[in-house]
Amino acid sequence: MAYSEAQKNATLKYRKESYARISLDLKKEKKEKYKAQAAAHGMSLNAYIISLLEADGTKEDS
C-alpha cells in the first residue's frame with residue numbers, strides 16, 4: 001500500500017506538534033566519530049545522544 005498524501009500530512013503535523021529539533025555544530029570528523037560510537041552501541045546518533053542525556057539526568061536524580 002502506498003503512503004498517501006493525507007498520511008504524509010498527518011505525520012508531519014504530528015511531528016511538528018510533538019517534537020522539538022536541536023541543532024549541533026561540530027567538526028565533520030567528530031560527527032563521524034560519534035556516529036561510529038553510536039553504531040557500536042547499536043543505535044542511531046540521535047538515539048545515542050538521547051540515551052547519554054537521559055543517563056546523565058538519572059545520575060542527578062539519585
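Reckoned from all heavy atoms, side chains included, excluding hydrogens, waters and symmetry mates. Positions are given from 1, in the same order as the sequence printed here. Note that the structure is a prediction, hence the values are computed from the model and not measured.
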Determine all donor-acceptor pairs shorter than 3.5 Å in which one atom belongs to a side chain in residues 20-33; sequence neighbours excluded.
none

For this session: Identify, with sequence neighbours excluded, every residue that meets side-chain contact (heavy atoms from CB on, under 4.5 Å) alongside Leu52.
Result: Tyr48
Quick one: side chains of residues 37-44, donor-acceptor pairs under 3.5 Å with protein atoms, not counting sequence neighbours, listed by atom name and distance.
{"unit_1": "His41", "atom_1": "ND1", "unit_2": "Gln37", "atom_2": "O", "d": "2.9"}
{"unit_1": "Ser44", "atom_1": "OG", "unit_2": "Ala47", "atom_2": "N", "d": "3.0"}

Exercise. ring-ring contact (aromatic ring centres under 6.0 Å, His included): which pairs involve residues 6-28, sequence neighbours left out?
Worked result: none
Side chains of residues 5-13: which donor-acceptor pairs under 3.5 Å do they make with residues two or more places apart or in other chains?
{"unit_1": "Gln7", "atom_1": "OE1", "unit_2": "Ser4", "atom_2": "N", "d": "2.8"}
{"unit_1": "Gln7", "atom_1": "OE1", "unit_2": "Ser4", "atom_2": "OG", "d": "3.4"}
{"unit_1": "Asn9", "atom_1": "ND2", "unit_2": "Glu5", "atom_2": "O", "d": "3.3"}
{"unit_1": "Thr11", "atom_1": "OG1", "unit_2": "Tyr3", "atom_2": "OH", "d": "2.9"}
{"unit_1": "Thr11", "atom_1": "OG1", "unit_2": "Gln7", "atom_2": "O", "d": "3.0"}

For this session: Check side chain to side chain donor-acceptor pair (under 3.5 Å) between Ser51 and all other residues, then give those that pass, not counting sequence neighbours.
Result: none
